[in-house]
Amino acid sequence: MLAVLFCLTNSMLLFSTAYAEEESFLERKDRYTRENPSHDSLIQWTEPVRLEILGAASADDMFFAASTISSVAELSLTYASLVGESSTWFTEKSLFSPKANYIVVFLPDIENKEAIDKADLQARGLDVSAAHPSVRDIVDNGISRLGAGCYGAWQASQKNEVSGFVIVADPNHDPKGCVKSVSISSFGVYPVVRIIEFPDKLPLPLVSESHLLLLISGYCRKILKDNSFHCPARLLASLDAVEAED
């Protein structure tokens, strides 16, 4: 017998099918509104994403963060680039660049904190004084805990226009899972993934669903010039109808 579960992509939380139905996770279109129920438009970045990676982590974790966020941005048809010289992209840094509106900070031994604030960053030698205004506002307001060793927050307008995003990940507590999950949220898709379980077999995570939803949202915004939630809902309904015919 097959079992279908829903989980956050970094495995921080696991939902049974019954709970998923209660929270409307079974409807793919609802993953655009799960964290923005009061808005009537898709999330969009007001400027190109300019990424900076700070703190202490392995070059592998830093490269993973950069490549993951760049890939997610590309799927949502949002331009993204790294700030600074290429020789310093994946090295330990402490100074926030005024050009970077998307920050990933690797901060060890934070898995039990309820939130990360400016004092936490300063205590580790990080300098926020010259940060991008949106990033500085995020840090001043505190960065929320999303799971063990994983924190994230954004600056967004009433029109769902994002101007800044900060991820803080503990390099000793599944930093790749944190970045993978939160980066999907930062482009407007709730990071829940269906998992199909087979008896006596490894589970099959349908990560491609998140990629599809990101791509559809970008297509609506950039190609169809329709930023409403009705656009992806309509496209998903059309896709479901085609799949039902096969």
task = Test side-chain contact (heavy atoms from CB on, under 4.5 Å) on S76 and R221 and set out the steps.
result = CA-CA 9 Å; S76 67; R221 287 193 311 269; 3.7 Å; yes
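- For the pair L126/D120, no side-chain contact is recorded, criterion being any heavy-atom separation below 4.5 Å from C-beta on.
- What you find for N160 and S41 is that their closest heavy atoms are ND2-O, 2.8 Å.
- Separating the CD1 atom in I110 from the NE2 atom in H173 is a distance of 10.0 Å, to the nearest 0.5 Å.
- For residues 57-87, the set of pairs meeting the ring-ring contact (aromatic ring centres under 6.0 Å, His included) definition, not counting sequence neighbours, comprises F63-F90.
- Going from atom NZ of K222 over to atom CD of Q44 covers 7.0 Å, rounded to the nearest 0.5 Å.
- In this structure the side chain of N101 never reaches within 4.5 angstrom of the side chain of S134, judged on heavy atoms.
- The backbone N or O of A65 sits nowhere less than 3.5 Å from a side-chain atom of T68 that would complete a donor-acceptor pair.
- Atom NZ in K113 sits 11.5 Å away from atom CD1 in I143 (nearest 0.5 Å).
- Not one N or O on the side chain of S181 forms a donor-acceptor pair closer than 3.5 Å with the backbone of G177.
- In this model, no donor atom of one side chain and acceptor atom of the other lie less than 3.5 Å apart for S58 and D60.
- Going from atom OG1 of T88 over to atom CD1 of I53 covers 10.5 Å, rounded to the nearest 0.5 Å.
- In terms of hydrophobic clustering, with Ile, Leu, Val, Met, Phe, Trp and Tyr side chains grouped at heavy-atom distances under 4.5 Å, V104 and L54 are assigned to different clusters.
- Contact check for P108 versus R124: side-chain heavy atoms found under the 4.5 Å cut-off.
- The minimum heavy-atom distance between P175 and D61, with the atom names listed, is CG-OD2, 3.5 Å.
- With values rounded to the nearest 0.5 angstrom, E92 atom CD is found 6.5 Å from M62 atom CE.
- Transitive grouping of hydrophobic side chains (ILVMFWY, heavy atoms separated by less than 4.5 Å) brings I216 and I223 into a common cluster.
- I184 approaches L214 most closely through the heavy-atom pair O-CD2, 4.3 Å.
- Between E161 and the choices T46, I43, N227, the side-chain contact (heavy atoms from CB on, under 4.5 Å) rule is met once, by T46.
- The nearest pair of heavy atoms linking S94 to G125 is CB-O, 3.3 Å.
- For Q122, the CD atom is densely surrounded, since the number of other residues' heavy atoms within 6.0 Å is greater than 12.
- Annotation: side chain of E52 is not in contact with side chain of V135 (no heavy-atom distance under 4.5 Å).
- Taking both residues in full, the closest heavy atoms of C150 and V182 are given as SG-CG2, 3.6 Å, listed atom of the first, atom of the second, then distance.
- No chain of hydrophobic side-chain contacts below 4.5 Å, direct or via other Ile, Leu, Val, Met, Phe, Trp or Tyr residues, connects V105 to L51.
- At a threshold of 4.5 Å between side-chain heavy atoms, the hydrophobic network of Ile, Leu, Val, Met, Phe, Trp and Tyr places W154 and I167 in one connected group.
- Two residues are said to be in side-chain contact when any heavy atoms from C-beta on lie closer than 4.5 Å; F229 and L42 meet this criterion.
- Remark: the backbone N or O of S67 is not paired with any side-chain donor or acceptor of S70 at under 3.5 angstrom.
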request  = Given side-chain contact (heavy atoms from CB on, under 4.5 Å), test L235 with L224 step by step and report yes or no.
outcome  = CA-CA 11 Å; L235 292 180; L224 300 182; 4.3 Å; yes
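- Note: the hydrophobic cluster containing V139 does not contain L95 (ILVMFWY, side chain heavy atoms under 4.5 Å, direct or indirect links).
- Using a distance-only test at 3.5 Å, with no hydrogens or angles considered, no donor-acceptor pair links the side chain of R50 to the main chain of V83.
- Among pairs with a residue in residues 96-140, those fulfilling ring-ring contact (aromatic ring centres under 6.0 Å, His included) read W45-Y102, Y102-F165, at least two apart in sequence or across chains.
- What you find for C178 and V168 is that their closest heavy atoms are SG-O, 4.1 Å.
- To the nearest 0.5 Å, the span separating CD1 on I116 from CZ on R145 amounts to 10.0 Å.
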